[in-house]
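Since the structure comes first, as structure tokens, the remarks are kept for the end.
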Protein chains: 2
Amino acid sequence: MELIHFRILLALKRRGTLNSASELLHLTQSALSHQMKNLEQRLGIILWRKQGRTLVLTQAGQYLSDVAESVIATVDSAEQHLALLAAGKTGKLIIGIDCHACYEWFRTILQPYLQTWPELAIEVTSRYRFNSFEAIQQYKLDAVLTSDPVFNGVLHYQPLFDFELVLIVAKQHRLAERQFIEPSELQEETILTYPVERERLDMFRKVLQPAGVEPLAHITVEETDIMLQLAASQRGVCLLPEWLLADKVKNPDVISLRFKDLPLAKTMYLATRHEDVQLEYIQWLIEHAQSKA
Amino acid sequence: MELIHFRILLALKRRGTLNSASELLHLTQSALSHQMKNLEQRLGIILWRKQGRTLVLTQAGQYLSDVAESVIATVDSAEQHLALLAAGKTGKLIIGIDCHACYEWFRTILQPYLQTWPELAIEVTSRYRFNSFEAIQQYKLDAVLTSDPVFNGVLHYQPLFDFELVLIVAKQHRLAERQFIEPSELQEETILTYPVERERLDMFRKVLQPAGVEPLAHITVEETDIMLQLAASQRGVCLLPEWLLADKVKNPDVISLRFKDLPLAKTMYLATRHEDVQLEYIQWLIEHAQSKA
DNA sequence: CCCAGGTTATGAATTTTAATCATCAATACA
DNA sequence: TGTATTGATGATTAAAATTCATAACCTGGG
């Protein structure tokens with residue numbers, strides 16, 4: 001059974017005669033007759049019968065033409081959708097988020113993005129947090145917001161903005177008055193981080209481990225807001241992008257500190273497949289991300 | 001876009017490699033590759049990409065393979081259903097009922113029929129009561145129970161059983177004691193019939209009109225039970241198959257009368273298309289209808 | 001580090017399939 | 001009763017799909 005058989009049944013239903021149906025399909029009447037005869041023989045069942053000079057569908061034929069309605073509708077709509085996809089007029093942009101802080105930033109750009117691209121379905125996921133590199137290659141993601149790029153030519157990394165990681169402490173914290181601090185001074189502190197492996201945490205990778213410091217405790221927190229609240233109530237200190245604090249005017253009880261001679265400068269990148277860089281809605285994202293910074 | 005493309009996408013999804021998928025479809029890897037390349041060119045969109053030595057679906061490819069799941073499932077199930085239909089193992093038998101009394105009789109056979117053919121969908125309709133002859137030719141009905149056949153060779157009429165029409169009157173009726181009655185004696189009676197045209201009612205066509213009798217009144221009733229109740233309470237008399245009364249032991253307040261020299265013998269037929277006579281479930285119906293009589 | 005064994009892609013030849021053309025047979029209508 | 005219109009059908013032609021042979025590529029193991 002092939003789509004042509006469904007199309008013939010539908011055309012016959014629409015036009016009434018095989019002759020007329022053949023015009024609809026840009027084929028000859030003979031072609032339709034041959035095709036259906038062939039199908040009937042393979043199925044071992046009669047689909048229509050000539051009655052007078054019109055065709056009457058048998059029960060099997062009726063049934064099959066009902067199936068045809070549904071199948072052809074599905075196929076045609078898929079074809080149309082693919083045509084739009086091919087023209088870049090629609091699509092689904094799946095954006096992977098690689099770190100919690102990235103998500104906090106992305107929220108600030110999401111609203112205007114949705115408004116500018118109302119036709120574009122957008123999905124933001126942190127599902128591939130730990131293997132976004134593979135996910136984007138396997139088309140499970142279309143873009144990844146990350147501040148830990150892997151420059152090996154496989155992906156296109158578009159720098160969005162630079163930022164600095166700062167230590168967040170409560171205003172009443174013993175170190176709050178200091179202009180610069182040393183990693184070693186965190187030895188008696190409780191460290192607040194997102195719940196990922198230490199190797200992926202700049203706090204450990206860039207601050208504590210290079211200085212050989214093991215902190216008093218390490219508490220993981222899912223939500224940035226909660227992390228800031230904990231810090232404000234002196235339950236610990238954390239390393240976060242400075243712009244995060246700037247946005248959080250609702251958190252006046254914490255301040256940011258920098259480490260002496262240890263610049264924690266980072267760059268936020270948007271990673272995409274090379275082939276997708278030119279897509280309009282990717283370009284828009286890049287431009288607005290930069291102007292936002 | 002053809003079914004083969006959907007099948008290739010599904011086989012690839014199942015087996016992982018095109019080589020393995022080709023076995024599933026009993027084709028060569030080359031055939032699958034050519035087909036999909038061709039589709040891609042026509043659609044103007046890439047569906048997969050070779051990554052290392054495996055294929056990775058693009059977003060469009062993912063989308064199309066999802067469509068494929070649905071389309072192929074529909075088509076395969078339709079094919080299976082048609083195979084059953086072809087083998088006569090399933091089907092839908094639409095039985096047309098041509099007179100109310102026929103329906104009363106059919107109810108007695110319906111239950112065992114449903115039990116014998118659990119797979120068979122049965123629909124009983126009186127929708128085509130007035131044109132069942134055309135309906136069966138157009139495959140809108142598969143069988144018609146009728147006691148008014150049209151023998152012209154177009155349909156196959158299978159006699160099921162003979163029966164007699166009798167006049168139903170209340171036990172206390174003035175005619176109840178009589179052995180035979182005359183049509184003219186109905187002049188002062190109220191006639192109860194089903195709500196169809198007089199030309200189709202044996203009471204008028206065979207009894208009253210030949211005798212030139214116009215009765216006192218004519219009341220139409222949809223339900224046989226109600227008609228019998230009305231007769232029992234002396235609200236009128238009616239002409240019904242004798243077996244109908246035999247089944248209705250719950251109606252002991254009426255009796256049946258016959259007309260003198262006016263045998264109202266009828267035969268119940270099952271009308272089918274010639275091509276369907278051999279179907280098992282039609283044969284069963286015929287045999288059991290006859291034994292029932 | 002290269003090679004064996006695996007993958008998909010591709011061009012040309014072949015086979016298979018579908019479409020057409022030219023009819024026929026049946027039917028409906030003037 | 002002829003004429004026009006319907007679908008069916010067999011032979012021919014045209015098109016499409018499949019295969020074969022092979023290239024190009026990747027991966028893992030000695």
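In what follows, every chain begins at residue 1, and chains take the letters A, B, ... in the order their sequences are listed.
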Using atom types as modelled and distance alone, determine if a side-chain donor or acceptor of [X] lies under 3.5 Å from a backbone N or O of [Y].
X      : Y      : value
B/T74  : B/S70  : yes
B/T58  : B/L47  : yes
A/Q283 : A/V277 : yes
A/R273 : A/I136 : yes
B/T28  : B/A31  : yes

B/D162 vs B/K266 side-chain heavy atoms within contact, under 4.5 Å = no

task = Could you identify which residues of residues 17-25 of chain B place a heavy atom less than 4.0 Å from some atom of DNA chain C, listed by residue number, or say none?
result = B/T17, B/L18, B/N19

Between [X] ([atom1]) and [N] ([atom2]), how many Å, whole number?
X     : N      : atom1 : atom2 : value
A/L55 : C/dT27 : CG    : P     : 13 Å
B/I46 : C/dT8  : CD1   : P     : 16 Å
A/R49 : D/dA8  : CZ    : P     : 11 Å
A/R42 : C/dT16 : CZ    : C1'   : 12 Å
A/N38 : D/dA8  : CG    : P     : 14 Å
A/L39 : C/dA18 : CG    : C1'   : 14 Å
B/M36 : C/dT7  : CE    : P     : 19 Å

ask   = Does the ring centre of B/Y113 sit less than 6.0 Å away from the ring centre of B/H288?
value =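 That pair fails the under 6.0 Å test.
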
ask   = More than 12 foreign heavy atoms under 6.0 Å from CD of B/Q51: is that the case here?
value =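 Buried by this count: over 12 neighbours within 6.0 Å.
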
query = How far apart are the C-alpha atoms of B/Y269 and B/F161, what are their side-chain angles, what is the distance that settles it, and do they pass the ring pair (Phe, Tyr, Trp, His ring centres under 6.0 Å) test?
reply = CA-CA 8 Å; B/Y269 294 89; B/F161 60 88; 9.8 Å; no

ask   = Taking the side chain of A/K37 as heavy atoms from C-beta outward, which of D/dA8, C/dA9, D/dT9 is closest to it?
value =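 Between D/dA8, C/dA9, D/dT9, the one nearest the side chain of A/K37 would be D/dT9.
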
key: nucleotides 18-30 of chain D: protein proximity per nucleotide (B base, S sugar-phosphate only, - neither; heavy atom, under 4.0 Å)   = SBB-----BB---

request  = Report yes if at least one side-chain N or O of A/W48 is closer than 4.0 Å to OP1 or OP2 of D/dT6; otherwise report no.
outcome  =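 So the side-chain polar atoms of A/W48 never come under 4.0 Å of the phosphate oxygens OP1 or OP2 of D/dT6.
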
